[in-house]
Student: 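Got a structure for you, questions after.
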Amino acid sequence: MSTDGSESRATRDIPRAQDQLFREGGGARAKYSALIVGKPGWGALLKYELVVLYSQVLPGALGLALRKTLYPLLLGSCGKNVVFGQNVVLRHPHKIHIGDNVVVDDNCLLDAKGESNRGIRIGSGVFVGRNSILSCKNGDIELADGANIGFNCEVFSASRVTIGAGVLMAAYSYIVGGDHDFSDPSASVLAQPRTSAGVDVGAGAWIGAGAKILDGVTIGERAIVGAAAVVRESVPPLAVSVGIPARVVSHRG
């Protein structure tokens with residue numbers, strides 16, 4: 001929950017997965033396709049299922065070779081020399097675009113789900129570490145060239161999250177491009193709408209291990225966010241921000 005009043009938040013209607021799967025009407029195949037594949041029809045479903053069946057969990061060099069060949073068939077676009085680790089999960093893959101020389105390590109989730117979003121765009125030279133999640137809930141995520149996402153990180157977007165060129169996002173850090181409306185005390189937070197203003201991380205910034213960047217925040221170019229910090233307000237370029245809540249303690253230039 002950001003307290004930076006300079007950012008306007010739009011209300012977002014984000015259906016829950018269980019609501020989509022268990023709503024009345026529509027067959028199981030159509031619901032699965034809408035939630036996972038993102039395209040209607042048997043053709044898109046069969047292509048997705050065959051690629052997953054023959055390559056997703058296969059270990060070793062053969063698995064790497066098959067995923068390098070087969071995963072691009074599902075994607076919106078894919079450059080040269082893209083490596084997909086074991087158990088990489090793709091959702092709405094036609095809205096995922098990847099540049100050249102990219103590594104997506106084992107057990108990552110690239111989820112571009114949404115009805116009107118552009119999805120996920122990953123630039124060239126990007127590394128996405130093991131167990132990390134890029135999750136769109138009708139939002140967009142962009143990783144610019146050379147960004148490095150450490151192990152066990154999550155980037156969530158209900159509107160837009162932009163991570164600039166050469167950003168270092170250390171392990172266990174979390175960028176939250178969305179929030180909950182809790183204005184009605186008579187209702188549970190879960191029952192109230194979601195809001196999102198988005199997050200921007202400037203080129204060359206360093207997000208320390210375990211840091212949390214909350215909705216509505218901008219991290220300036222080449223700024224540093226200390227380990228385990230909780231950032232609720234924007235950080236100027238070249239600033240060093242630490243603590244809970246984070247505060248600027250110095251400048252690099």
Side-chain angles (χ1 to χ4, degrees), residues 10-58 63 66-79 82-99 102-123 126 128 131-143 149 153-163 175-178 193-194 196 198-199:
T11 299
R12 313 289 291 186
D13 183 15
I14 303 174
R16 301 182 303 169
Q18 60 267 43
D19 294 334
Q20 294 175 284
L21 285 173
F22 303 132
R23 70 178 186 272
E24 294 185 4
R29 178 192 62 82
K31 292 176 183 177
Y32 174 84
S33 293
L35 189 65
I36 304 299
V37 182
K39 285 184 174 181
W42 279 103
L45 175 61
L46 288 174
K47 183 166 74 168
Y48 180 92
E49 292 296 298
L50 288 171
V51 168
V52 168
L53 176 65
Y54 286 108
S55 64
Q56 185 180 64
V57 302
L58 196 64
L66 282 175
R67 286 186 291 275
K68 185 176 181 180
T69 301
L70 296 178
Y71 270 35
L73 300 178
L74 301 176
L75 299 176
S77 62
C78 187
V82 177
V83 175
F84 298 95
Q86 191 176 1
N87 292 316
V88 170
V89 176
L90 307 174
R91 294 179 183 163
H92 289 215
H94 63 287
K95 291 188 288 187
I96 300 173
H97 300 265
I98 301 178
V102 170
V103 174
V104 182
D105 206 351
D106 296 344
N107 306 316
C108 288
L109 169 62
L110 307 184
D111 183 356
K113 191 159 57 266
E115 296 180 357
S116 59
N117 61 333
R118 295 171 64 235
I120 297 172
R121 278 163 169 72
I122 298 175
V126 170
V128 182
N131 302 321
S132 289
I133 297 172
L134 305 182
S135 177
C136 297
K137 295 294 184 288
N138 210 30
D140 301 319
I141 295 173
E142 181 177 349
L143 308 183
I149 308 300
C153 292
E154 181 170 356
V155 178
F156 169 84
S157 175
S159 58
R160 56 168 186 80
V161 171
T162 302
I163 297 178
I175 294 179
V176 193
R194 299 290 291 267
S196 183
V199 174

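Scope of the values below: all heavy atoms of this structure, side chains included, with no hydrogens, waters or symmetry mates.
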Student: Can you measure from SG (Cys136) to CZ (Arg118) and round to the nearest 0.5 angstrom?
Tutor: 10.5 Å
Student: Got Leu75 and Ile98 here, is their nearest side-chain heavy-atom distance under 4.5 Å?
Tutor: yes
Student: Within a strict 4.5 Å, meaning less than it, do heavy atoms of the Leu45 and Ile36 side chains meet?
Tutor: no
Student: Checking Ser135 against Lys137: is there a side-chain donor and acceptor pair closer than 3.5 Å?
Tutor: yes
Student: Between Ser55 and Arg67, is any pair of side-chain heavy atoms under 4.5 Å apart?
Tutor: yes
Student: Using a 4.5 Å cut-off on heavy atoms from C-beta on, say whether the side chain of Arg91 contacts that of Leu109.
Tutor: yes
Student: May I have the step-by-step check of side chain to side chain contact (heavy atoms under 4.5 Å, CB included) for Gln56 and Tyr71, ending in yes or no?
Tutor: CA-CA 9 Å; Gln56 185 180 64; Tyr71 270 35; 3.4 Å; yes
Student: Testing the basics here: between Leu110 and Ile96, what is the closest heavy-atom pair and its distance to 0.1 Å?
Tutor: O-CD1, 3.6 Å
Student: At their closest point, which heavy atom of Pro40 faces which heavy atom of Ala44, and how far apart are they?
Tutor: O-CB, 4.1 Å
Student: Is a side-chain N or O of Tyr48 found less than 3.5 angstrom from the main chain of His92, in a donor-acceptor match?
Tutor: no
Student: From Ile141 CD1 over to Phe156 CZ, what is the distance, rounded to the nearest 0.5 angstrom?
Tutor: 9.0 Å
Student: With the side chain counted from C-beta on, respond yes when Val83 and Val102 share a heavy-atom pair under 4.5 Å apart, and no when they do not.
Tutor: no
Student: Would you check if there is a donor-acceptor pair between the side chains of Tyr32 and Glu49 at a distance under 3.5 Å?
Tutor: yes
Student: Heavy-atom distance under 4.5 Å between the side chains of His97 and Ile120, does that happen here?
Tutor: no
Student: Taking all heavy atoms of Gly178 and all of Ala158, pick out the closest pair and write down the distance.
Tutor: CA-CB, 4.4 Å
Student: Please examine the side chains of Asp106 and Val88, heavy atoms only from C-beta on, and report whether any two atoms are closer than 4.5 Å.
Tutor: no
Student: Donor-acceptor check, side chain of Arg160 to backbone of Gly139, threshold 3.5 angstrom: yes or no?
Tutor: no
Student: If every non-hydrogen atom of Gly119 is compared with every non-hydrogen atom of Asp140, which pair is closest and at what distance?
Tutor: N-OD1, 2.8 Å
Student: Between the side chains of Asn117 and Lys95, is a donor N or O closer than 3.5 angstrom to an acceptor N or O?
Tutor: yes
Student: At their closest point, which heavy atom of Tyr54 faces which heavy atom of Leu66, and how far apart are they?
Tutor: O-CD1, 3.5 Å
Student: Can you measure from CG (Asn131) to CG (Asp105) and round to the nearest 0.5 angstrom?
Tutor: 8.0 Å
Student: Between Asn107 (side chain only) and Asn87 (backbone N and O only), is there a donor and an acceptor less than 3.5 Å apart?
Tutor: no
Student: About how many Å separate OG1 of Thr162 and CG of Leu143, when rounded to the nearest 0.5 Å?
Tutor: 9.5 Å
Student: For the pair Ser132 and Ile149, evaluate side chain to side chain contact (heavy atoms under 4.5 Å, CB included) and give the outcome as yes or no after the intermediate values.
Tutor: CA-CA 8 Å; Ser132 289; Ile149 308 300; 4.2 Å; yes
Student: To the nearest 0.5 Å, how far apart are CD1 in Ile133 and CG in Asp111?
Tutor: 9.0 Å
Student: With no hydrogens and no angle check, is any side-chain donor or acceptor of Glu142 less than 3.5 Å from a backbone partner on Arg121?
Tutor: no
Student: What distance do Arg29 atom CZ and Trp42 atom CH2 have between them, rounded to the nearest 0.5 Å?
Tutor: 5.0 Å
